[in-house]
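Worksheet: the structure to be examined is printed underneath.
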Amino acid sequence: MSGLRVLGPPRGMDDLLPDDFALKHRVVEVIREVFKLFGYLEVETPTVEYYELFAAKSGEEIRERMFDFRDKAGRHLVLRPEVTASIARLMSTKLKAAPLPIRLGYIADCYRYDEPQWGRKRRFWQGGFELFGSRSPLADAEILQASYEVFVRLGMKDHFFRVGHVGILRSILTDYNVEESVQDRILTMIDRGMEAEAFNAMRENGVDEDGVKAVEELIRLKGEERGEIFSKASDILSPWREAGKHLEELNTIIDSAVEYGVNSKIIVEPGMARGLEYYTGFIFEQGVPEADVSLNGGGRYDKLVELFGGKPTPGVGCAIGITRITHYLSEKRGVRQRAKRPCTLLVGIQASERYISRVAGTLRRMGIPVEVEVTGKRLPAAIEYALKSGIKYLVIVGSREESRNTASVRDLERKTQVEVSLDEGGRLAEMLGERIC
RNA sequence: GCCGCGGUGAGGUAGGGGUUAGCCUUCCGGCCUGUGGAGCCGGAUGCCUGGGUUCGAAUCCCAGCCGCGGCCCCA
């Protein structure tokens, strides 16, 4: 490379070569498979959105980490840091008359101006499931089920879930008349482990020591023994009827997931909080033991659509970190994926260009993928190229074949060769059995 | 945004003030006009960028860029 480092991609953004792309594509395909299995209809929204769409319900922190810029007319735009807001925008506008419930899926690239490190890029892909129009725990459980299917299908059976419900903490705070923006701040502090600050903020906003103590105990309470966690949480929450209902709801959600067949390790955290402030109920993260960042996360957001001016519509969803999963599979699991290519190479020797083209067309119209040798390699060199590239069949056309309107099909593995008339399409197709290698 | 470590052809590496900068893989050409995953021969591409120290810098110093890891935050 010369001194022009500008020839590399921008910091934190990856070029994917064919094999890298193939691996990412596999992850994407699995997600699409699960879209189909559950009835999620894929949509697309722009990579570029108005700044306000994300500024609305994001803290200072997120705002600073967005790629933002002015367009030529002075509009303040951003490269989306996530997609849920865009989908909610869709719900409040173009889909406001759609019959509910509606399930939407997306595969999209997102951007954050972070310092790159393990599992964190400035450009990354997310695959999302969003279910609108239902308040039922069945809807929340469905998101867990879909997440489970994706991970299992990718061979990550050892994944685990961390589940919680922001309604539990919020309803305690609401009981003390703590206003919503202050609640957001307190939950964010809890999520970041700044507990002392959170407790102080609670006291300053009218929460008594009973309330603080309850929150503290809830934060400490986490584990896999569902029955035990729930009975302890239930005790702690006995003075707060509303919070108890949320706890019960969380139990129902987990129960539904387990009955579905989600046999993952599930860590219950009644005092869990998540960074994004738009969550209103059930929340979760999904990860694997060897990676300390989460690979999937989501929850319920019942106020987001109306925040964007739509009619009140409950929603629940998740965003799967495609780039992180790909990175994890490749680095920690040693998963490799070869880019697929045709099994067949068409090589002409002393044949006219028109004949080579005719044969190529004949093959492809039968649905046979074929690479055409276009560099003038002689047969031995072409064979070497084919073997090196994993190509299984050679279709050789020379002057003999041209004069007889045939092609010679050579099987490089069996080392057999047969001359077939171009009119015998079926026979050609049969010989070139494997199409993609 | 902050802290630490690093950067030698396309990939992997050796060297560590004066070397024609070495090796492996890859790539290109030849031996080789229709059936060689071979062999041999030949060839191509490199010290991240910019300053400084020095007679002389890939090597030492500073800054930047990029990568990796950590803080923070997050998928």
Side-chain angles (χ1 to χ4, degrees), chain A residues 1-15 17 19 27 31 58-66 80-84 107-129 147 150 188-189 191-194 274-277 284-288 291-299 317-328 331 345 347-351 373 375-402 408-413 415-417 419:
Chain A
M1 211 194 292
S2 69
L4 299 175
R5 240 186 351 72
V6 72
L7 290 176
R11 183 168 169 76
M13 311 211 184
D14 288 334
D15 288 326
L17 300 183
D19 289 350
V27 176
I31 292 172
S58 317
E60 206 56 40
E61 195 73 34
I62 303 265
R63 259 175 258 173
E64 279 174 15
R65 288 171 194 272
M66 285 200 282
R80 59 181 168 211
E82 51 109 13
V83 189
T84 302
I107 304 289
D109 57 339
C110 299
Y111 300 78
R112 280 179 209 175
Y113 200 86
D114 277 325
E115 285 309 306
Q117 57 185 261
W118 200 97
R120 197 171 72 189
K121 295 285 177 185
R122 287 185 173 179
R123 174 174 187 259
F124 56 95
W125 288 80
Q126 287 194 161
F129 291 77
S147 298
V150 169
T188 299
M189 287 187 263
D191 182 39
R192 295 183 192 175
M194 301 155 63
R274 289 199 76 213
L276 289 174
E277 289 170 2
F284 80 100
E285 292 190 359
Q286 188 177 12
V288 289
D292 58 356
V293 291
S294 67
L295 302 182
N296 177 25
C318 68
I320 297 177
I322 294 170
T323 303
R324 277 190 178 173
I325 290 177
T326 305
H327 194 230
Y328 163 76
E331 301 251 314
L345 177 66
V347 47
I349 30 179
Q350 295 161 350
E373 212 307 298
T375 61
K377 282 186 171 56
R378 289 192 287 258
L379 195 47
I383 289 172
E384 197 178 326
Y385 169 82
L387 292 169
K388 227 180 268 182
S389 311
I391 288 171
K392 284 194 164 63
Y393 309 106
L394 235 46
V395 172
I396 303 163
V397 296
S399 46
R400 292 203 297 268
E401 284 83 357
E402 180 164 5
S408 292
V409 177
R410 180 168 184 81
D411 183 320
L412 290 171
E413 286 175 350
K415 299 188 174 167
T416 56
Q417 185 165 327
E419 190 173 344

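Each chain gets a letter, A, B and so on, in the order its sequence line appears, and its residues count up from 1.
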Set out, line by line, the N/O atom pairs under 3.5 Å between protein and nucleotides 36-38 of chain B.
{"residue": "B:A38", "atom": "OP2", "partner": "A:E384", "partner atom": "OE2", "Å": "3.2"}

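- Of the charged side-chain nitrogens involved, none lies within less than 4.0 Å of a carboxylate oxygen, so that A:R378 and A:E373 do not count as a salt-bridged pair.
- In a base pair of the Watson-Crick type (N1 to N3 plus N6-O4 or O6-N4) or a G-U wobble (N1-O2 and O6-N3), with each distance short of 3.5 Å, B:C73 is matched with no nucleotide.
- Heavy atoms of A:S399 sit under 4.0 angstrom from at least one base atom.
- Contact annotation for A:R378: backbone-only contact, meaning every heavy-atom pair under 4.0 Å involves sugar-phosphate atoms and none involves a base.
- Not counting sequence neighbours, the partners of A:E402 by the side-chain contact (heavy atoms from CB on, under 4.5 Å) test are A:A351, A:S352, A:Y355.
- In terms of phosphate contacts, A:R192 brings a side-chain nitrogen or oxygen within less than 4.0 Å of OP1 or OP2 of B:C73.
- Across all strands shown, B:C28 forms a Watson-Crick or G-U wobble pair, both distances under 3.5 Å, with B:G42.
- Rounded to the nearest 0.5 Å, atoms CD (A:Q126) and OG1 (A:T84) are 7.5 Å apart.
- Note on A:I325: nothing from the nucleic acid sits closer than 4.0 angstrom, heavy atoms only.
- Considering only side-chain N and O atoms, A:K377 lies nowhere under 4.0 angstrom from the phosphate OP1 or OP2 of B:U33.
- In this structure, B:U54 forms no base pair with any nucleotide, since neither Watson-Crick nor G-U wobble geometry is met with both distances under 3.5 Å.
- Remark: A:R324 pairs with no residue by the salt bridge (charged side-chain N to carboxylate O under 4.0 Å, His left out) rule, at least two apart or across chains.
- Using a 4.0 Å cut-off, some side-chain N or O of A:Q117 falls inside it from OP1 or OP2 of B:G70.
- Checked by atom type and distance alone, the side chain of A:T323 pairs as donor or acceptor with a backbone atom of A:W125 at under 3.5 Å.
- Residue-level contact check: A:E401 touches the bases, meaning some heavy atom is under 4.0 Å from a base atom.
- Residue A:R11 places at least one side-chain N or O under 4.0 Å from the OP1 or OP2 atom of B:G67.
- Heavy atoms of A:G193 sit nowhere under 4.0 angstrom from any nucleic acid atom.
- In B:G36 the base sits syn relative to the sugar, since the glycosidic angle is no further than 90° from 0.
- Looking at the side chain of A:K121, the nearest of the listed nucleotides B:G34, B:C68, B:C71 is B:C68.
- Residue contacts for A:I349: at a heavy-atom cut-off of 4.0 Å it reaches a base atom on one of the strands shown.
- Nucleotide B:C66 forms a pair with B:G6, judged by Watson-Crick or G-U wobble geometry with both contacts under 3.5 Å.
- Residues A:S147 and A:N296 share a closest heavy-atom pair of OG-ND2, 2.9 Å.
- In this structure, B:A21 forms no base pair with any nucleotide, since neither Watson-Crick nor G-U wobble geometry is met with both distances under 3.5 Å.
- When each of A:G119 and A:G398 is assigned the nucleotide of RNA chain B with its nearest heavy atom, A:G398 is the one assigned upstream, toward the 5' end.
- Stacking of A:W118 onto the six-membered ring of B:G69 is not present when judged by under 5.5 angstrom between centres and under 30° between planes.
- Taking atom CD on A:Q286 and atom P on B:A75, their separation rounds to 14 Å, with Å as the unit.
- Counting any heavy atom pair closer than 4.0 Å across all strands shown, A:Q350 reaches a base atom.
- Nucleotide B:U33: unpaired (no Watson-Crick or G-U wobble partner with both distances less than 3.5 Å).
- Side chain of A:Q417, nearest nucleotide from B:G70, B:U35, B:A75: B:U35.
- Under a cutoff of 6.0 Å and an axis angle of 45°, A:R122 and A:Y113 form a cation-pi pair.
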